Q: 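Just dropping this structure here.
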There are 2 protein chains.
Amino acid sequence: MSTLILPPQATQAGLAVDVAAFAMHAGELQVLLVERGSLPHARTWALPGGFVHLGEELNEAALRELRTKTSVELEPRLLEQFYTFGAVERDPRGRVVSVAHMAVLPHGTVRVTGGGNALGAGWFPAHTPPTLAFDHQDILNRAIDRLQIRLEYALLALEFLPDTFTLPELQGVYEAILNKQLDKRNFRKRLLSQGVLTTSGERRSGVGRPAQLYRRASRVRIPGTL
Amino acid sequence: MSTLILPPQATQAGLAVDVAAFAMHAGELQVLLVERGSLPHARTWALPGGFVHLGEELNEAALRELRTKTSVELEPRLLEQFYTFGAVERDPRGRVVSVAHMAVLPHGTVRVTGGGNALGAGWFPAHTPPTLAFDHQDILNRAIDRLQIRLEYALLALEFLPDTFTLPELQGVYEAILNKQLDKRNFRKRLLSQGVLTTSGERRSGVGRPAQLYRRASRVRIPGTL
DNA sequence: GCAAAAGTGTTTTATTTACACCCATGA
DNA sequence: TCATGGGTGTAAATAAAACACTTTTGC
């Protein structure tokens, strides 16, 4: 415990982090949830999160909770706080303030299992999740808002995809996050005119005409990236 | 003190709020600072702020700190949190997390004096403040960023002005916040085409040609307003 | 040759930027 | 009448939106 000399009426609050971790699966924006194994809200789905440790930075705590509660093996491509939830009654155990974080997990992060006191972990449609514990639906709503706002910024959609990708795949990421359809021609025009994609020469095979592969021309460091 | 059953390694942190309160004075964007009267950083300028009380919401605490530390008499027109500063070493007394808020004070909020353990309070140029305590320069920088982003949103600039105002005055608010010059004709075109300003008929006298007075056509509730 | 998905251009509209002179008032 | 600040319009450039057919491949 920290030894902090404070005025008597000052609140010592439990300091927590929660993480809304997003990825694309099956052409859909999905969010990573854990099933709580202990009270309160046992057996209810929740965002992975928990209390910050002594001497631990907020984003370190968010990363640790993400790893230990869900056993995701990949590094998140983006991890940043977006809002702090501190309503007096949000946690029945007492005053707990949660610094909510948003994370983007790269393509390939499929296998998750529960860890710590989580019974299990799994991916759920971000726009239509199950009933969530605490005020986690509020947190998720705000996380999606932030994700949509950040989308154009620094080509965030690329973080959801592998190194090489096709333009229809990229458009799918935009559509899944924005939850609406985009015009194919206008989308291609806009993305290619930014000049940050470079054709990767090869072509990927499947049904129908093969698509051109692209990769990002130069990796720009995104603020909020680890 | 709250009685909170927590895992042993969990951090109980001091929960604080700090407020970057802005107003326009002398055609300049100014920020409200207090001179600290106690350690650490005694006799150093800082953003008004302090510890959250038991059972007190975060924005309530921000409002209370603003009032008691600076004795501003007017209601802020906007008060919203924008980022949480929680670096382990940001406060020498121990782990203190500060939920930083941004406030806009309306025209007329001139007289301020210190309150509580603040030696004094005063307005300073927001873009060129004095040396600040703790990480308050970081907080201020981020508050200005947020203010600039929010500027267009819901006609935030009007909150800095009295009920009736002239277009040159309004342009002055934009320029002070953005810290750059704007084109007069384009500015008027853009603002008037939004259709939210209505001419107030009268004219204000001074040097040079009198300016048309305007008022907002309909008051739209701004999210984050009290 | 047909099903499936990729790829491609033009027109219209709206938005943004650049830019210079006249007007109303008080001293 | 002059100094001071307020007010006005147009043209060019850029960005955004609407819209339908052709191409390439595997089966």
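By convention in this document, chain letters (A, B, ...) are assigned in the order of the sequence lines, proteins followed by strands, and residues within each chain are numbered from 1. Owing to the predicted nature of the structure, the values given are computational and were not obtained by experimental measurement.
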Q: Side chain to side chain contact (heavy atoms under 4.5 Å, CB included) with B:Lys189: which residues, sequence neighbours excluded?
A: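 Testing B:Lys189 for side chain to side chain contact (heavy atoms under 4.5 Å, CB included), a comparison that skips the adjacent residues, returns B:Asn186.
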Q: Check whether any side-chain N or O of B:Arg188 sits under 4.0 Å from OP1 or OP2 of D:dT8, and answer yes or no.
A: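 Answer is yes, contact under 4.0 Å.
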Q: Provide, to the nearest angstrom, the distance between the CZ atom belonging to B:Arg190 and the C1' atom belonging to D:dT8.
A: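 After rounding, the reported distance stands at 18 Å.
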Q: To the nearest Å, give me how far apart CD (A:Gln212) and P (C:dA6) are.
A: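 Going from CD in A:Gln212 over to P in C:dA6 covers 13 Å.
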Q: Rounded to whole Å, please give me the gap between CZ in A:Phe187 and P in D:dA16.
A: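 Whole-Å distance recorded here is 14 Å.
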Q: Using a 4.0 Å heavy-atom cut-off to protein, can you give one letter per nucleotide of nucleotides 19-27 of chain C, 5' to 3': B if the base is in contact, S if only the sugar-phosphate is, - if neither?
A: BB--BBBS-
Q: Tell me, please, which residues at least two apart from A:Val196 pass side chain to side chain contact (heavy atoms under 4.5 Å, CB included).
A: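 For A:Val196, the residues satisfying side chain to side chain contact (heavy atoms under 4.5 Å, CB included) (neighbours in sequence not counted) are A:Leu155, A:Gln194.
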Q: Tell me: CG of A:Leu167 to P of C:dA6, nearest whole Å?
A: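 Going from A:Leu167 (CG) to C:dA6 (P), I get 10 Å.
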Q: Could you tell me the separation between the CD atom of A:Glu152 and the P atom of D:dA16, rounded to a whole number of Å?
A: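 Whole-Å distance recorded here is 9 Å.
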Q: Of all residues at least two apart in sequence or in a different chain, which pass the side-chain hydrogen bond (donor to acceptor under 3.5 Å, both in side chains) check with B:Asn141?
A: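 With sequence neighbours excluded, B:Asn141 shows a side-chain hydrogen bond (donor to acceptor under 3.5 Å, both in side chains) to B:Gln137, given in chain and number order.
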Q: How are the rings of B:Tyr83 and B:Phe85 set to each other: parallel, tilted or perpendicular (split at 30° and 60°)?
A: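 Plane angle over 60°, so perpendicular.
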Q: Mind calculating the distance between CG (A:Leu192) and P (C:dG9) to the nearest angstrom?
A: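 After rounding, the gap between these two atoms is 12 Å.
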Q: Just to be sure I understand the geometry, which residues of residues 173-180 of chain B put a non-hydrogen atom under 4.0 Å away from DNA chain C?
A: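 Hits under 4.0 Å, by residue number: none.
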Q: Holding to salt bridge (charged side-chain N to carboxylate O under 4.0 Å, His left out), I want the full list of residues that pass it with B:Glu60, two or more places apart in sequence or in another chain.
A: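 Listed in chain order: nothing, the list is empty.
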Q: Considering residues at least two apart in sequence or located in another chain, which fulfil the ring pair (Phe, Tyr, Trp, His ring centres under 6.0 Å) criterion with B:Tyr214?
A: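 Expected list: none.
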Q: Run the ring pair (Phe, Tyr, Trp, His ring centres under 6.0 Å) test against A:Phe82 and tell me which residues pass, sequence neighbours left out.
A: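 Per chain and number, A:Phe82 pairs via ring pair (Phe, Tyr, Trp, His ring centres under 6.0 Å) with no residue.
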Q: What residues form a side-chain hydrogen bond (donor to acceptor under 3.5 Å, both in side chains) with A:Arg185, not counting sequence neighbours?
A: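 Scan of A:Arg185 (side-chain hydrogen bond (donor to acceptor under 3.5 Å, both in side chains), adjacent residues dropped) gives none.
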